[in-house]
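In what follows, chains are A, B, ... by sequence order, proteins preceding strands, each numbered from 1.
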Number of protein chains: 2
Amino acid sequence: MSQIKTKAPITMQELADIAGVTRGTVSRALSDSPRVNEKTKARILALAKKHKYRVNQKARNFRLRRSGVVSVVFMLDIKSEQHMSDPFFLEMLGGIADCLAEHDLDLFLAHAPIANILELQESRIFLNSDGVIFVGQGEQHSQLNAISRAEKPIVVWGAPMPRQSYCRVGGDNITGGYLATNHLLELGRRRIAFFGNVNLPEIALRYSGYKKALKEHGVKPDRHLQIEVPFEMQHARDSIEELLASHTSFDAAVCSSDVMALSAIATINEFGLRVPDDIAIVGYDDIGLARYSSPTLTTVRQNIRWAGRVLVESLLSILNGQN
Amino acid sequence: MSQIKTKAPITMQELADIAGVTRGTVSRALSDSPRVNEKTKARILALAKKHKYRVNQKARNFRLRRSGVVSVVFMLDIKSEQHMSDPFFLEMLGGIADCLAEHDLDLFLAHAPIANILELQESRIFLNSDGVIFVGQGEQHSQLNAISRAEKPIVVWGAPMPRQSYCRVGGDNITGGYLATNHLLELGRRRIAFFGNVNLPEIALRYSGYKKALKEHGVKPDRHLQIEVPFEMQHARDSIEELLASHTSFDAAVCSSDVMALSAIATINEFGLRVPDDIAIVGYDDIGLARYSSPTLTTVRQNIRWAGRVLVESLLSILNGQN
DNA sequence: CAGTAAATTGCAATCGATTGTACTTCGTCA
DNA sequence: TGACGAAGTACAATCGATTGCAATTTACTG
């Protein structure tokens with residue numbers, strides 16, 4: 001068997017030997033310290049490139065007493081059948097992962113649904129990482145507050161909440177809900193449903209934007225048109241099918257996600273009604289998938305990948321601030 | 001602000017001091033070495049529990065010159081619009097992640113589509129991990145062979161191939177395709193379509209199982225009934241819609257995945273035909289979602305989570321063998 | 001009871017980096 | 001010319017564990 005040689009990566013000591021200096025000097029040269037002569041610095045950098053030297057991050061992190069890992073927790077709402085396969089989460093994850101990689105950080109993903117996030121503090125999610133990103137608040141705002149008082153930095157994607165002591169990043173959900181509803185109102189719709197669980201902070205804000213738009217057009221919000229449609233495709237279809245079968249009359253719907261909107265469109269079509277002729281639908285997030293659907297889904301744009309990057313940058317600024 | 005104290009985790013040296021022994025003895029006691037007296041061993045274990053000692057895996061891995069990380073690469077077929085959001089991949093990932101966690105290993109996920117896996121050897125996917133799990137072979141069988149000759153252990157989920165030098169784990173795709181087709185034949189169907197890209201090794205095997213079943217029933221396989229339907233839901237629907245519009249006559253279809261099957265059912269319904277009355281559908285994988293659909297999807301069961309565990313265990317046995 | 005083997009435990013090197021401190025050159029100025 | 005400060009390097013401790021080898025204690029054997 002032609003065993004390809006284990007190209008054992010070159011170590012800093014070896015590079016130092018080649019350059020005829022000590023580890024310390026190489027280390028300083030690579031981190032561009034002013035304490036090392038410009039000429040030797042250039043020489044070392046050239047040798048490093050030539051020998052394809054790459055610093056051993058594991059050893060580095062060990063010395064610096066950090067893990068080089070950032071944990072990500074998706075606050076999936078179990079009641080709403082929210083699942084990680086939702087493109088919203090995957091795009092967010094993609095943005096986070098890209099940005100972390102650029103900073104030479106690793107990503108640790110919580111992959112079990114979390115009933116009470118306080119328990120995380122004893123788990124690898126917290127113990128093994130330098131910081132934690134929560135995507136969504138679920139219904140655990142107060143727990144997030146508690147956790148943020150501990151030593152480990154966290155950032156949260158979600159809605160602003162009263163007495164919030166954690167670092168938050170999020171879109172403008174009120175305006176989002178308002179815009180979506182307004183769009184439908186301008187199409188002449190008046191019986192506009194709202195699909196989503198308003199116990200979730202972000203959804204609640206969109207709902208208030210929805211009500212605001214309705215009121216501005218002199219339409220009284222109808223409680224029966226606020227339906228707790230789950231996020232997951234199949235469950236969403238079931239829920240909407242039930243709604244249609246109940247003969248509740250409505251001519252439009254604001255959805256809490258694009259997957260939900262696509263489910264609505266499919267279900268309505270199957271039911272023999274036309275979209276948007278009979279019922280107009282607006283989604284939320286603008287996932288890539290939305291652009292492929294026919295006809296193209298109308299949706300409220302959130303740049304999710306970019307949001308992921310912002311989350312990472314926010315966390316890093318906290319981490320560096322603590323240094 | 002009530003700053004909760006940074007409960008700096010106790011170190012092995014500190015535990016040793018408490019126990020009145022040295023680090024070495026503690027280390028041996030915790031790894032159940034026969035070289036330490038049973039009584040002291042018990043005492044140390046008790047103290048460890050009492051003080052909630054947890055070994056610093058980062059330091060441990062550093063000393064043992066390994067990373068404690070296993071990389072996972074999903075070989076998404078771009079032409080087939082295969083995407084990580086497919087429940088097949090997510091369930092597989094779940095199984096892998098669970099099993100790795102039980103072994104105190106971290107998971108590193110390749111999240112960009114990989115055109116040529118040989119390039120991975122220069123990336124963190126390889127450099128930063130103790131081993132790599134490939135889910136699927138794509139069309140890169142020979143590259144996998146090449147990679148397997150290098151030093152880093154890999155295992156691959158997929159089909160057996162000629163001159164295969166890498167460790168492979170996989171289901172029995174020939175039998176799977178055979179069973180699915182046979183089921184449809186026994187329902188009396190004769191014009192049975194096959195949906196999927198037969199350039200993918202696993203799909204090719206199922207296709208041969210499909211042909212075998214047909215021949216046994218005296219049905220001649222029709223090339224026009226082998227359709228390269230993409231994996232992704234929306235693209236699959238487009239593809240199947242096109243097929244239906246072309247008035248190609250068929251009364252059943254064997255699908256390459258459950259998502260594909262669910263897409264087929266939805267599209268057929270929208271087209272005004274009935275499932276299974278007009279066209280019967282069989283899926284593949286038995287993802288959780290399949291059980292929720294109505295009527296329940298007929299599918300070929302692959303225990304995906306379990307498969308993920310097998311992949312991990314296989315990789316670990318290679319890793320341990322190399323020691 | 002001396003002597004040796006076995007059972008335990010301590011000692012110290014090691015993994016690959018970072019960084020504070022000490023030391024060696026210089027150049028400069030009085 | 002001798003002293004002094006700055007610049008540039010070398011030295012060595014350190015992060016938290018593992019493990020071969022040395023040292024000590026205990027147990028047996030003749």
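Applying the side-chain contact (heavy atoms from CB on, under 4.5 Å) test to B/L64 and every residue at least two apart in sequence or in another chain returns B/R60, B/R66. With sequence neighbours excluded, the residues that form a side-chain contact (heavy atoms from CB on, under 4.5 Å) with B/H141 are B/N145, B/M161, B/Q164, B/Y166. With sequence neighbours left out, the side-chain contact (heavy atoms from CB on, under 4.5 Å) criterion links B/L118 to B/N116, B/Q121, B/Q143, B/A146, B/I147. Applying the side chain to side chain donor-acceptor pair (under 3.5 Å) rule to B/H103 yields the partners B/E313; only residues at least two apart in sequence or on another chain are considered. By the side-chain contact (heavy atoms from CB on, under 4.5 Å) test, B/V169 is found to be paired with B/W157, B/V310, B/L311, B/S314, residues two or more places apart in sequence or in another chain being considered. Partners of A/R43 by salt bridge (charged side-chain N to carboxylate O under 4.0 Å, His left out), not counting sequence neighbours: none found.
Counting only residues at least two apart or on different chains, the salt bridge (charged side-chain N to carboxylate O under 4.0 Å, His left out) pairs with a member in residues 15-41 of chain B are B/D32-B/K41, B/E38-B/K41. Screening residues 127-148 of chain B for salt bridge (charged side-chain N to carboxylate O under 4.0 Å, His left out) gives B/K79-B/E139 as the qualifying pairs, with residues at least two apart or on separate chains. Among residue pairs with one or both ends in residues 91-100 of chain B, those qualifying as salt bridge (charged side-chain N to carboxylate O under 4.0 Å, His left out) are B/D98-B/R305; sequence neighbours excluded.
As a whole-Å value, the separation of A/D17 CG from D/dA10 C1' is 13 Å. If you take CD of B/Q13 and C1' of D/dT18, they are 13 Å apart, rounded to a whole angstrom.
Within 4.0 Å of B/S27, counting heavy atoms only, lies at least one base atom of the nucleic acid.
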Any chance you could list the contact pattern along nucleotides 5-15 of chain C? Use B for base contacts, S for sugar-phosphate-only contacts and - for none, protein heavy atoms under 4.0 Å, 5' to 3'.
---SBBS-BBB
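Contact check for A/V70 versus A/V312: no side-chain heavy atoms found under the 4.5 Å cut-off.
Within residues 48-58 of chain B, the residues that have a heavy atom under 4.0 Å from DNA chain D are, in order of number, B/Y53, B/V55, B/N56.
Each end of the helix from C/dC1-D/dG30 to C/dA30-D/dT1 gets its own rotation axis from five pairs of C1' atoms, and the angle between them is 70° to the nearest 10 degrees.
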